[in-house]
Amino acid sequence: MTLRLFNTLSGQLDEVVPADGAELRMYACGPTVYDYGHIGNFRTFLQVDLLRRTLRLFGTRVRHVMNITDVDDKIIRNAAAAGVPISEYTPRFEQAFLDDLASLAVERPEILTRATEHIPQMVSLVERLAARNAAYRTDDGNWYFRLSAFPEYGKLSKKDLDGMTDGARVDVDEYERDSARDFALWKATPPGETGWETAIGRGRPGWHLECSAMAMEFLGESFDLHAGGEDLMFPHHENEIAQSESATGKTFARHWFHVRFLLVNGRKMSKSEGNFFTLRDLLLRGYKASAIRLALISVPYRHQLNFTFDGLDEATSAIDRLRTFAARLRSADLPAGSSLACMAAAARAEEEFRDALAGDLNTAEARAAVFEMVREGNIALDAGQLRSNDRDAMLRVLDDFDAVFAVIADHDAEPTRAAIEWARASGRLDEVAPELLAAQTLTDAEVEARIEERNQARRQRNFRRSDEIRDELASLGILIEDSRDGVRWKRK
RNA sequence: GGCGCGGUACCCAAGUGGUAAGGGAGAGGUCUGCAAAACCUUUAUGCGUCGGUUCGAUCCCGACCCGCGCCUCCA
């Protein structure tokens with residue numbers, strides 16, 4: 001199966017296939033590690049994860065490179081404010097970021113790469129550009145890219161810069177850029193400030209240079225796909241294209257994948273709006289990692305997603321439904337054989353699920369296909385018409401669904417536990433939902449013991465006592481469900 | 001101002017030129033010591049407004065209204 005994906009560069013749906021016929025080489029812009037990641041960041045990384053998981057489901061091998069930007073103005077400023085060198089400042093947030101990705105079940109890219117470890121590659125890129133007269137050094141030691149050296153500039157973001165550049169250029173200060181639109185490749189820094197001594201002078205990389213250098217380092221001068229948030233389209237990706245293609249004369253990335261920003265309560269997320277959430281904020285409020293993941297991937301990547309707490313509740317319920325169905329399938333005692341209707345339901349779900357993903361990663365439709373099968377499966381189960389082969393077929397659909405969505409398999413305890421641990425360590429315990437904290441006061445074994453106590457009371461038909469225990473556990477955020485196959489419980 | 005996206009039931013959200021997926025919530029029911037959970041059923045004569053094209057439009061065209069994003073650090 002082949003994925004058809006919107007390509008910002010071509011402006012249409014293009015098939016995503018490896019140019020070398022073997023391995024899909026993709027580069028995704030990673031985080032600048034100056035703070036904890038927020039849900040907007042994670043929507044993008046989650047959608048990239050969805051992309052790579054879908055490719056793999058379709059049988060495509062992936063070599064996915066993600067950079068960690070560990071030097072830039074914000075980092076330098078924040079580290080200075082914290083009174084630590086950046087080499088001490090960034091690892092903390094890099095680790096937090098990677099932990100957050102793991103919490104959200106985001107697969108690790110094949111290659112993670114840091115900007116500060118590729119200074120030589122960046123320097124040689126500048127030298128190549130200089131040799132082609134596409135880069136120049138100003139008297140203050142900065143290096144700029146000469147936009148006029150790249151006539152195709154604007155082809156990604158569809159900007160026509162002709163009228164915007166410098167038609168009215170009069171006297172350009174000798175210390176300034178030749179054109180206001182020329183962008184910095186390398187920023188000169190005085191001794192004492194973060195910088196590297198290199199052949200092109202002392203300084204540090206401009207923002208765009210690292211991505212070009214590292215993408216080429218690990219994927220070659222020309223590769224299959226480049227991903228990032230919509231804001232990166234201009235100027236970041238446009239500049240990457242300009243500097244890369246000017247240096248190599250080759251197409252940089254063939255396919256460009258951009259994820260739209262999310263809104264929170266209908267507005268752009270910002271600290272001043274009071275609608276700014278990190279992953280950790282949400283975990284501490286008691287939302288499960290799986291629910292956050294599902295909420296962030298259920299709206300297709302090209303649409304704005306309006307993130308709300310209602311949406312998280314919806315995702316929580318939806319996951320419960322899926323998990324309950326999966327558990328029900330697994331534990332059901334079924335006769336051998338298969339039924340035509342159930343096999344057909346599974347086959348249809350599988351086909352629709354794959355088709356939906358193949359059509360520009362339509363997660364909403366893919367989800368719907370599986371939920372339809374869930375309903376059909378439940379009906380068959382209730383009617384005693386589901387047979388063991390049907391079960392296997394439906395479980396396979398759920399497996400494929402989870403290979404991409406990754407929300408049915410329950411790994412929610414660890415992220416929540418880790419978030420509480422982190423809150424404890426960083427003096428933020430007051431941000432933890434009381435119920436969540438309460439639920440942590442009992443170990444699983446202790447909960448089981450209380451439940452056994454209640455079971456005993458129930459056997460003696462001492463329902464007053466039994467309800468007492470149930471209420472007590474409920475106040476600790478532990479929900480009890482009596483079922484035919486015994487008592488199930490879960491932490492809220 | 002330039003570029004772009006969207007307005008579908010109480011909420012979220014797919015979708016197609018031929019009569020509206022899915023999830024959540026609500027209601028009813030099954031089950032249950034009770035409850036919860038689970039499961040089933042049910043919920044848009046209508047898809048921002050007004051015109052047009054068409055045998056037929058939510059889907060195509062035009063105008064308008066509203067919301068949003070990018071154009072500057074930003075995923």
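Order of the sequence lines fixes the chain letters, A, B, ..., with proteins taken first and strands second; residue numbering starts at 1 for each chain.
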Check: Touch check for A:His38, heavy atoms < 4.0 angstrom, all strands: base, sugar-phosphate only, or nothing?
Finding: base
Next item on the list: With a 3.5 angstrom cut-off on both distances, give the Watson-Crick or G-U wobble partner of B:rG22, or none if there isn't one.
Entry: B:rC12
Item checked: Distance between P atoms of B:rU41 and B:rA9 (Å, rounded) -> 23 Å
Note to self: Can you measure A:Phe261 atom CZ to B:rC5 atom C1' for me and round it to whole angstrom units?
What the structure shows: 14 Å
Notebook entry, point to check: In the structure shown, which nucleotide is the Watson-Crick or G-U wobble counterpart of B:rA37, with both distances under 3.5 Å?
Noted result: none
Note to self: Need one value for A:Asn378: base, sugar-phosphate or nothing, where a base atom within 4.0 Å counts as base even if backbone is also close, heavy atoms only.
What the structure shows: sugar-phosphate
Notebook entry, point to check: Would you say B:rC39 has OP1 or OP2 under 4.0 Å from some side-chain N or O of A:Arg375?
Noted result: no
Notebook entry, point to check: So what does A:Phe371 hit on the nucleic acid, given a heavy-atom distance under 4.0 Å: a base, only sugar-phosphate, or nothing?
Noted result: sugar-phosphate
Note to self: What contact category does A:Gly40 fall into here, base, sugar-phosphate, or nothing, at under 4.0 angstrom with non-hydrogen atoms?
What the structure shows: base
Next item on the list: For A:Asp73, answer base if it contacts any base atom (sugar-phosphate contacts may also be present), sugar-phosphate if it contacts only those atoms, and nothing otherwise; contact means non-hydrogen atoms under 4.0 Å.
Entry: nothing
Margin query: Once you apply a heavy-atom cut-off of 4.0 Å, does A:Ser466 come out as touching a base, just sugar-phosphate, or nothing?
Written below: base
Next item on the list: Determine the contact category for A:Arg328: base if any of its heavy atoms lies under 4.0 Å from a base atom, sugar-phosphate if only primed atoms, P, OP1 or OP2 are that close, otherwise nothing.
Entry: sugar-phosphate
Next item on the list: Return yes when atom CZ of A:Arg323 has more than 12 non-hydrogen atoms of other residues, nucleotides or ligands closer than 6.0 Å, and no otherwise.
Entry: yes
Check: Got a salt bridge between A:Asp224 and A:Arg63, using NZ or NE/NH1/NH2 to carboxylate O under 4.0 Å?
Finding: no
Next item on the list: With P as the reference atom in both, quote the distance from B:rU19 to B:rC59 in angstrom, rounded to an integer.
Entry: 15 Å
Item checked: Pairwise C1' distance, B:rA20 and B:rU8 [rounded to whole Å] -> 8 Å
Checklist line | Which nucleotide in B:rA14, B:rA75, B:rG33 has an atom nearest any side-chain atom of A:Asp467 | finding: B:rG33
Next item on the list: Answer with base, sugar-phosphate or nothing: what part of the nucleic acid does A:Arg367 contact at a heavy-atom distance below 4.0 Å?
Entry: sugar-phosphate
Check: Looking for any heavy atom pair under 4.0 Å, which part of the strands does A:Arg470 touch: base, sugar-phosphate only, or nothing?
Finding: base
Check: Can a side chain N or O of A:Trp489 be found less than 4.0 Å away from OP1 or OP2 on B:rA37?
Finding: no
Next item on the list: For A:Asp72, report the nucleic acid contact type (base, sugar-phosphate, nothing); a contact means any heavy atom under 4.0 Å.
Entry: nothing
Next item on the list: For A:Lys268, report the nucleic acid contact type (base, sugar-phosphate, nothing); a contact means any heavy atom under 4.0 Å.
Entry: base
Notebook entry, point to check: A:Ile379 near the nucleic acid: base, sugar-phosphate alone, or nothing, with a heavy-atom cut-off under 4.0 Å?
Noted result: sugar-phosphate
Check: What nucleotide among B:rA25, B:rA14, B:rC71 has an atom nearest to a side-chain atom of A:Ser317?
Finding: B:rA25
Check: Using a distance-only test with no angle check, is there a side-chain donor-acceptor pair under 3.5 angstrom linking A:Asp310 and A:Thr308?
Finding: no
Next item on the list: Looking at every strand, decide which applies to A:Arg267 at a 4.0 Å heavy-atom threshold: base, sugar-phosphate, or nothing.
Entry: sugar-phosphate
Check: Using centres under 5.5 Å plus planes under 30 degrees as the test, is A:Phe45 stacked with B:rA75?
Finding: no
Check: Which of these, A:His236, A:Glu240, A:Gln243, sits in a side-chain hydrogen bond (donor to acceptor under 3.5 Å, both in side chains) with A:His208?
Finding: A:His236
Item checked: Pairing partner of B:rC47 (Watson-Crick or G-U wobble, both distances under 3.5 Å) -> none
Next item on the list: Under 4.0 Å between any heavy atoms, over every strand shown, what does A:Val259 touch: base, sugar-phosphate, or nothing? Just pick one.
Entry: nothing
Note to self: Side chains of A:Leu156 and A:Phe234, heavy atoms from C-beta outward: is any pair under 4.5 Å?
What the structure shows: no
Next item on the list: Scan every strand shown for a Watson-Crick or G-U wobble partner of B:rU72, both distances under 3.5 Å, and answer none if you come up empty.
Entry: none
Next item on the list: Using the P atoms only, state how far B:rA13 lies from B:rU54, rounded to an integer number of Å.
Entry: 36 Å
Notebook entry, point to check: So, A:Asn306 and A:Gln304: side-chain donor and acceptor under 3.5 Å apart, yes or no?
Noted result: no
